Amino acid sequence: MNNKNLSESDLCDKVIRPAIVQAGWHTLDQIYAQYPLRAGRVVVRGKTAKRDLATVLHADFALFLKPNIPLAIVEAKKSRLSMSAGMQQAINYAELLDVPFSFASNGDGFVFRDATLATGVLEQSLTLDQFPSPQELWARYCTWKGWTEDVQRVAEFDYALATTAKTPRYYQLNAINRTVEAIAAGQNRVLLVMATGTGKTYTAFQIIHRLWKSPWRADKPGGQKRILFLADRNILIDQTMVNDFRPFKGAMAKLSPNAKGVERVDAQGKVSVEDVDLAVNKTTKLVDKSYEIYLSLYQAVSGTEEEQNIYKQFSPDFFDLIVVDECHRGSADEDSAWREILTYFASATQVGLTATPKETKEISNSDYFGEPIYTYSLKQGIEDGYLAPYKVIRVDLDKDAFGWRPTAGMTDKHGNLIEDRIYTGTDMNRKLVLEKRDEAVAAKITEYLKATDRYAKTIVFCEDIDHAARMRQALSNANADLCATHPKYVVQITGDNPEGKRELDNFIDPEKTYPVIATTSKLMSTGVDAQTCKLIVLDQNIKSMTLFKQIIGRGTRLREDLGKTWFTILDFKRATELFADKDFDGEPVQIYEPKAGQPIAPPDTPPDAFNAVQLDPVEAGLDNLPPLGPFAPGGDGPKKYIVGGMVTVAVARERVQYLNAQGKLITESLRDYTRINLTKQYDSLDKFLQAWNDADRKAALLQELESQGVLIEALTEELASTGLTNLDPFDLLLHVAYNMPALTRRERASRVKKRNVFTQYGPVARKVIDALLDKYADEGIATIEADTVFNVQPFTDIGRPAEIIKSFGGRPQYLSALQTLERELYAVS
């Protein structure tokens with residue numbers, strides 16, 4: 001066969017795959033063509049988003065010992081290239097998939113890279129019939145890992161395939177396989193760090209399933225293994241039991257003395273309970289020890305009184321494996337109830353899962369579990385296209401930003417003398433309640449939703465339960481037109497509010513319209529899978545990076561099928577300044593700080609940089625306490641001063657901040673930033689004009705400029721506010737960077753028409769050129785450069801695309817005419 005005439009696709013199908021099959025690899029479960037690695041990051045432009053196809057990654061072939069046990073990457077290149085041309089790409093993909101074997105081929109043979117150095121040679125050339133078998137690579141892999149036969153049997157054990165439709169992503173494979181391998185090899189404490197929204201619970205399910213069914217701890221009498229899954233929120237347990245852990249049904253039980261099953265609320269508000277097995281007898285409080293997998297809140301099995309410590313009904317060696325979800329919440333603290341449980345079952349292998357590991361002088365995840373065996377960050381999740389990017393709108397209120405001082409002898413609504421000092425943003429809703437401030441925040445939230453989507457799921461994080469209750473009322477009043485007929489448009493979901501907590505299932509259900517807005521303090525900050533949440537409102541003082549990441553994580557889920565491709569953070573507390581913290585691993589698409597009188601919805605935004613995060617509360621459990629109200633316990637005076645309508649609150653004037661191409665905030669004006677950025681690339685007007693005129697397609701050059709930090713759409717929006725509208729990006733850049741007068745697109749099109757440049761063409765071609773100029777005036781250069789331009793009016797009235805092209809004498813002649821048209825359009829003199 002002459003490989004030189006084959007395309008890369010044909011080369012894969014007709015040469016490379018047959019060589020792999022001949023070596024003993026099975027097509028169905030060992031060879032995966034075009035194996036997906038990265039979905040492609042979501043790029044936000046204005047109010048729309050799309051995937052950046054340039055960031056989508058597929059391996060030509062991924063080779064597996066068995067499903068989900070990867071071994072090697074094979075990357076193909078055209079036959080005219082060298083045999084090793086695809087090696088760097090193969091190495092990069094192998095690194096993502098966490099495998100040591102990489103192959104590159106142009107159809108003549110293979111270059112084989114063996115990072116295990118099994119033969120002492122890193123890279124060597126192979127003929128097509130020398131491709132190694134799966135058994136050979138697996139033997140090298142096991143030797144490289146130093147595994148015994150017992151460890152190997154566990155490490156290669158099957159995933160749960162028939163019981164779940166999910167296909168693990170590359171990072172989930174890495175997390176699952178590394179954990180199972182480490183435990184099989186005898187590691188008893190394992191920490192996994194995975195960003196919120198990346199599938200920690202599914203990862204935990206596969207780890208548990210494989211260890212549960214595998215020969216791990218086969219020497220145990222009866223061969224039966226016992227597993228405990230711990231979490232700190234009831235909803236985490238409920239969601240887990242009825243979703244990812246459903247295949248365990250029959251072997252799994254909920255370990256809680258007061259459990260009733262999983263509550264569900266239908267569209268009519270009717271509460272039903274989905275049956276789950278309960279391990280604790282409600283009358284005797286005795287535990288049924290016949291189950292193999294137990295799920296529990298740590299609060300449900302431990303307490304200050306000895307009889308509350310249900311876990312002590314088990315012997316210390318009862319459990320073989322304990323998995324702690326959201327382990328940043330307590331298990332890292334030596335004095336926590338979680339640590340008490342983990343210490344009691346010290347002989348069990350223990351796995352901690354978290355999005356935000358705690359590392360302080362007092363609390364450390366890594367001190368207890370060891371260094372993370374695998375980390376998948378928020379930043380990586382957004383870059384890969386598995387997490388949603390986000391924008392930030394910063395709103396500074398005047399009393400927060402500049403402070404407020406009471407007049408001499410001023411009392412609050414309850415007659416309490418207000419302490420004479422300056423109250424700032426950190427005091428709001430902690431020491432001081434300004435009722436007009438609640439109204440101002442509610443008005444801004446409502447303004448944003450009206451400008452975008454009034455039914456976008458929204459979580460408002462408040463200072464405490466009392467604040468959440470006031471904010472629910474303020475938002476209901478601000479949205480009275482909807483709340484009058486749909487009272488669940490706004491709900492309070494806090495630990496003291498059973499009615500609101502019952503609405504949580506409806507809030508997170510993508511198919512339920514109501515509730516739309518949830519006000520909360522701590523309850524929804526972690527573990528709530530709000531897949532369609534599009535707006536996160538921060539009206540809470542947040543100083544903990546852990547809490548900040550957990551809160552932001554409520555919006556990071558992607559649901560493209562439901563129109564959720566990005567989300568917005570509306571920040572009233574400058575909490576998003578934590579983006580600048582060295583411990584933060586992802587930047588937003590845009591930071592927007594509207595001035596007084598400006599619309600709350602931001603202008604069209606730059607395409608670069610996004611990143612979302614996850615969060616977790618340091619003050620865990622506060623939502624389970626009753627609201628304190630305005631008075632502190634014990635009659636020691638007011639906990640908060642309540643000030644009514646005599647003190648007004650307004651939006652302070654602030655600047656707009658954008659992100660540069662590296663994802664860092666810029667504080668210059670957008671015009672100054674554009675001028676600096678563009679003139680760095682083209683230090684004279686002539687150089688810019690040359691680059692513009694040399695570009696075959698202007699749209700491609702504009703896309704390249706945007707990727708380098710020239711924010712065309714945001715700049716267009718800013719100039720439009722000054723009255724400069726309908727500008728070509730060419731004029732926009734000339735005006736901002738080189739102080740040239742700006743012409744509108746229509747003015748440019750009119751100038752070309754007056755020049756009679758196209759007299760050599762026949763009447764049909766001249767009619768097409770006039771139509772192209774009109775189209776340019778209305779829609780811009782990208783439209784007339786598109787290959788599909790002749791499929792719309794007025795061109796469809798002139799003739800079929802082939803007939804239009806023929807009127808110029810053929811495609812080369814048409815492209816020449818289009819180049820002439822563009823040259824005339826962009827003539828500077």
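Scope of the values below: all heavy atoms of this structure, side chains included, with no hydrogens, waters or symmetry mates. Fair warning: this is a prediction, and the values are worked out from it, not measured in the lab.
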What residues, two or more places apart in sequence or in another chain, satisfy ring pair (Phe, Tyr, Trp, His ring centres under 6.0 Å) together with Y455? none
Mind checking what makes ring pair (Phe, Tyr, Trp, His ring centres under 6.0 Å) contact with Y489, not counting sequence neighbours? none
Quick one: list whatever passes salt bridge (Lys or Arg N to Asp or Glu O under 4.0 Å) with D731, sequence neighbours left out. R748
The reported gap from CG in D571 to CD1 in I536 (rounded to nearest 0.5 angstrom) is 12.0 Å
Between the side chain of [X] and the main-chain N/O of [Y], is any donor-acceptor distance below 3.5 Å?
X	Y	result
Q531	I508	no
D398	A650	yes
Q540	E463	no

Sequence neighbours excluded, which residues qualify as side chain to side chain donor-acceptor pair (under 3.5 Å) partners of [X]?
X	value
T513	none
D539	R437, H467
T565	none

With a 3.5 Å cut-off and no angle check, do the side chains of T198 and Y386 form a donor-acceptor pair? no
Pair N416, T411: side-chain N/O donor-acceptor within cut-off below 3.5 Å: no
Looking only at non-hydrogen atoms, find the nearest pair between V516 and A456 and report the distance. CG1-O, 3.4 Å
Minimum heavy-atom distance between K564 and G555, given as atom pair plus value: NZ-O, 2.9 Å
pair K431-T426: side-chain heavy atoms closer than 4.5 Å: no
State, with a plain yes or no, whether a side-chain heavy atom of V491 is found less than 4.5 Å away from one of R472. no
Tell me whether K399 forms a cation-pi arrangement with Y423, defined as NZ or CZ under 6.0 Å from the six-membered ring centre and within 45 degrees of its axis. no
